There are 4 protein chains.
Amino acid sequence: MSVADDALRRLLEEAETWEALSDLALEAHQVLVKEEEPPEIPGVTVDTQEQDGVTLSRVFIESEEGARRMGKLPGHYSTLEAPELRSRSVEAEEKVGQVLAQELQRFFQGLGVGSEDEALVVGLGNWNATPDSLGPKVVGRLTITRHLHRMVPPEKRGGMRPVAAIAPGVLGLTGIETSEVIQALVDRLNPKLVICIDALAARESRRLGITIQVADTGIHPGSGVGNRRRGITPQSLGIPVLAVGVPTVVRALTLVEDGLSQMGQPTGRVAERLLAPYLNSMIVTPREVDDLVESLANVVAGGLNVALHPALDMDEVLSYLS
Amino acid sequence: MSVADDALRRLLEEAETWEALSDLALEAHQVLVKEEEPPEIPGVTVDTQEQDGVTLSRVFIESEEGARRMGKLPGHYSTLEAPELRSRSVEAEEKVGQVLAQELQRFFQGLGVGSEDEALVVGLGNWNATPDSLGPKVVGRLTITRHLHRMVPPEKRGGMRPVAAIAPGVLGLTGIETSEVIQALVDRLNPKLVICIDALAARESRRLGITIQVADTGIHPGSGVGNRRRGITPQSLGIPVLAVGVPTVVRALTLVEDGLSQMGQPTGRVAERLLAPYLNSMIVTPREVDDLVESLANVVAGGLNVALHPALDMDEVLSYLS
Amino acid sequence: MSVADDALRRLLEEAETWEALSDLALEAHQVLVKEEEPPEIPGVTVDTQEQDGVTLSRVFIESEEGARRMGKLPGHYSTLEAPELRSRSVEAEEKVGQVLAQELQRFFQGLGVGSEDEALVVGLGNWNATPDSLGPKVVGRLTITRHLHRMVPPEKRGGMRPVAAIAPGVLGLTGIETSEVIQALVDRLNPKLVICIDALAARESRRLGITIQVADTGIHPGSGVGNRRRGITPQSLGIPVLAVGVPTVVRALTLVEDGLSQMGQPTGRVAERLLAPYLNSMIVTPREVDDLVESLANVVAGGLNVALHPALDMDEVLSYLS
Amino acid sequence: MSVADDALRRLLEEAETWEALSDLALEAHQVLVKEEEPPEIPGVTVDTQEQDGVTLSRVFIESEEGARRMGKLPGHYSTLEAPELRSRSVEAEEKVGQVLAQELQRFFQGLGVGSEDEALVVGLGNWNATPDSLGPKVVGRLTITRHLHRMVPPEKRGGMRPVAAIAPGVLGLTGIETSEVIQALVDRLNPKLVICIDALAARESRRLGITIQVADTGIHPGSGVGNRRRGITPQSLGIPVLAVGVPTVVRALTLVEDGLSQMGQPTGRVAERLLAPYLNSMIVTPREVDDLVESLANVVAGGLNVALHPALDMDEVLSYLS
């Protein structure tokens, strides 16, 4: 399915359920399936499997109706859930990083991105706001090769992919929409793939710290912990855009609505009207959100490094440069 | 009124309402007055006044019954509410710092602490957990004079109070209860006053970022954002202990209960049983909690510096040392 | 005088003395004048004045010969020296910030930059390397208005200049030359002025922490604490480029050479050959470099905010946005 | 050999060469041996061996004359030199951490410290000054067990050593001498061993980032990057005190003197008189000192965790606590 950017925007604006839902396609689906009859949503399929203690759910949204009802752009969303990450051990971080790397490579293949195609990784978010700092933290831990690539003799570059990365900051601190910075860099650098890393809001607090979503839809307006207005999408940039999203917060309003719902109360608009004025800017996070963001940044950066440079021997690269 | 430490502990354990209440005496009082009949609580008086745009409420708890019903130790609690702090301007920080300084000096006077009596300031909390890092941040901004005091000739020390400070860390990171570190230092340094700075949990999110509480009760178990088991109290240390507490979070459970209550639902135990398993470790904070903690640390450190060193000319002090 | 970018590059490569000199034009001049006979360098003039305890030296390089001998691009360099900054008091920071603001406005006028012309501020350097983190720190403290500008009715914008800012990171962390990021953003945003903020290396350690240089030459290769290869210059960008540089380190090699020189030994190439292998990556800084960078970032951000928004009433701006 | 604390102090004051030397016993020895005839220093022996790419040098100072000439307290100093640490790879960090753990356990055995004896680890230095922040950073990465120990049934504690840790800050920030804090805690907690972690100054910049010294002498006045006046020694505390020191800086003055010396110039007092006024507060570090301190903190914390808890299964411990 192919839809123009404007059409997508309209689609999402019509999605009444959006604010009440989640940045995670998987959660959006679970809510709908629970609430509606019949549970089947036309054009939406979900496939779940277990791998090494990690639950991997793939949601495919392939119709406009499905997109509207899910409040999500049409595309492919994979969600990893790894309760083991709660231990924050190096072992768990490495294991989940490996599963993430495999899923990323599956996306590369599906999108026709070759093993030496240049990639630009964008760390969205604000390094001064802990729950929103995941993107910049991941960028700081990547193996960056774009500037080394041209210094290595071509016959020695086997499997070396040029990778660049930037953490452009947020609109309130830069005055520039993130999408404008990315568009300007894509125009200049001509990468074959953009990967955006972003902190998300989940619906259920039990997901925080254990969940990673990869989507081939890019980033669309309204998503993410902060608000980044224009989309960073395959439609707007003209190349594949992967979004790696990690829930670090739950919106406070969502939490209260879910509390009401669990207590058997009617959810939704009423609560929102009553509570919104003072809850809108509030977020819910685990007490230890600083440690959690550090650990998740390790997982995502580790997964990206393996997926982007599967065959890289950095020592050998450096030996050509000294 | 004078009660032994153990009796106090029992008092608080009996206080059924504690978990449902707040670290702020003012909020505990407002909840009780709203919920109960007659509104009068014997042995508890509240006095509120306006000063320079800052609302200053003084709660006096002077009976065991009052303490039990409030879930707070008997003593004197002053709460400053300054909505202007939302602007995070230097002007607002300085103004509220001045009001805080005056109130601190009022406590000094009431406790018989003289203008040259040595003070030990303790920054409670964990510098690696943003909402709990207020105490250590304040300590880093204080004017420290204990080590300079002995180097200045006595006739030149007019108005120079020896001030020491420490941020001892939290039990999980040190293996030592904070109260043990303080007790050991008080035994060795013999200060005349201990001032503890701590991040608190409020009941209502609208208070976050604009509220400071000063109490002459010290810190009691269960208080604060993290959990510091043994008390740091006048009873245990044998000298006056002031607690300066600043709400930086709301417990997630409290938020849901309050949401239910605003929707006209029965609050309390039911919600707790249903929701506790996954909400207990969650906190609610403003998105911009990093900035908020920075700004509040400026206010508290500014207020302490003025209150502790009202006449200090630091340039003159340093001229004796070079 | 007008010279093409390539010619400039050649000019600097010919400047044999460069490595032995300094990022500061003022120091380069003092070294030459001390060493050479006659002291006069054709096409180079220096004007020094005192203002409010701040020494303001203006160096004008107006000939190719002057540029070659100074190892500096032709242009106008103003250097503020404020020993008072050693106190790191808010008062000193504000006073020097005011002097900086006036000098910046003098540059704006000289370059024909109007009071409502859009400016893009670039914080060069690496936020993970303390002495090189000045640029990103300044950017984080600026009053950013570009995104607000279009939301304010035109008749209310009197004196409101659109200001955007970015801290693009360093080549080793991004794989992208800083000059490429800036070029891409200038192409897209079309600002009327670029201001680069950078940490510099001085020749004499006594200058660290008290000196700020403003130059209308932009940033040229080899300058700065890290190495940012391509220039960010008026020639390459096609618009005025101001460089605000603040020395935070001395190169270790320079220090040894100066030590030798003060001991009456022949300086220069000999020492370099002997010592370079192990000294090249070493820097000399004050012990308290973390505090020093914080304080200087306050001064530079304060000066920029006043110079860029001389008439801004931020409260009024915000009243149009809520 | 046993010497009273005062005698030791006098010994060091007499050591004329001290300032010109280094915090590292190994360097002090190399300088003396190079400079003096005969190379033999009575009562000082040095033993060097290679292990897994790490050079391990053990210096034993066993006479008062040796102590005076070396400018070091009598005792046992082990120095690890691991050039591989320059790669800052996880593998190198882990390998050197293992060698450090073995050497620490050798010290434990020599001092009669049993495998379940309580240890107090002290992170000296200032977390706000990057090159001096190693101690606090190490403390933040230790496995802390003192508070868990009493909660585990005695028959399950096999191999579980109670470990506590604190980062007390520096005199200028606390007003309390570090030695006073440690003395107060030792009096209260009664540990069987104190381990101090500190950043040191080396003589040669090539040692920075690759060297770790362990000594059984504790910390003596004048040592370390900052200045911590009173000693933290076995003599003053009455229990074994290990000092783990890591050079992160070279004093700028030392660097110039060494430069002079390499150029064949007379070193020493002359240079000091000429250069001291402006060089005394300056330090020399690698550009990338922030990364270097992070990496060394990993090595030291890793080594300590293995040495202190050789048999600890943390998962099993935690299973008794939930």
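This one's a predicted model, so the numbers in the text were calculated from it and none came from an experiment. Naming: A, B, ... by sequence-line order, numbering from 1 per chain.
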Legend entry - Which of B:Pro168, B:Ala164, B:Ala165 touches chain D most, by non-hydrogen pairs under 4.5 Å: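 Result: the option with the highest number of such pairs is B:Ala165.
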Inset, instruction - Sort D:Leu120 into side chain, backbone, both or neither according to what part of it lies under 4.5 angstrom from a heavy atom of chain B. - result: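 Only the side chain of D:Leu120 comes within 4.5 Å of chain B.
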Inset, instruction - Using non-hydrogen atoms and a 4.5 Å limit, figure out which bit of D:Arg150 sits close to chain B: side chain, backbone, both or neither. - result: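 When you check distances to chain B, only side chain atoms of D:Arg150 fall under 4.5 Å.
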Inset, instruction - Scan D:Asp187, D:Leu185, D:Val181, D:Ile176 and name whichever one has a side-chain contact (heavy atoms from CB on, under 4.5 Å) with B:Arg188. - result: D:Asp187
Legend entry - More than 12 heavy atoms from other groups under 6.0 Å of CD on B:Glu116: yes
Inset, instruction - State, yes or no, whether a side-chain contact exists between B:Thr174 and D:Ile144 at a heavy-atom distance under 4.5 Å. - result: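 Not in contact.
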Inset, instruction - Would you give the length of the straight line joining atom CZ of D:Arg146 to atom CD of B:Glu180, rounded to the nearest 0.5 angstrom? - result: 4.5 Å
Inset, instruction - Against chain D, label B:Leu189 side chain, backbone, both or neither, depending on which of its atoms sit under 4.5 Å from a heavy atom there. - result: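 Side chain only.
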Legend entry - Contact leader toward chain B among D:Ala167, D:Gly172, D:Gly140, D:Pro162, where contacts are heavy-atom pairs under 4.5 Å: D:Gly172
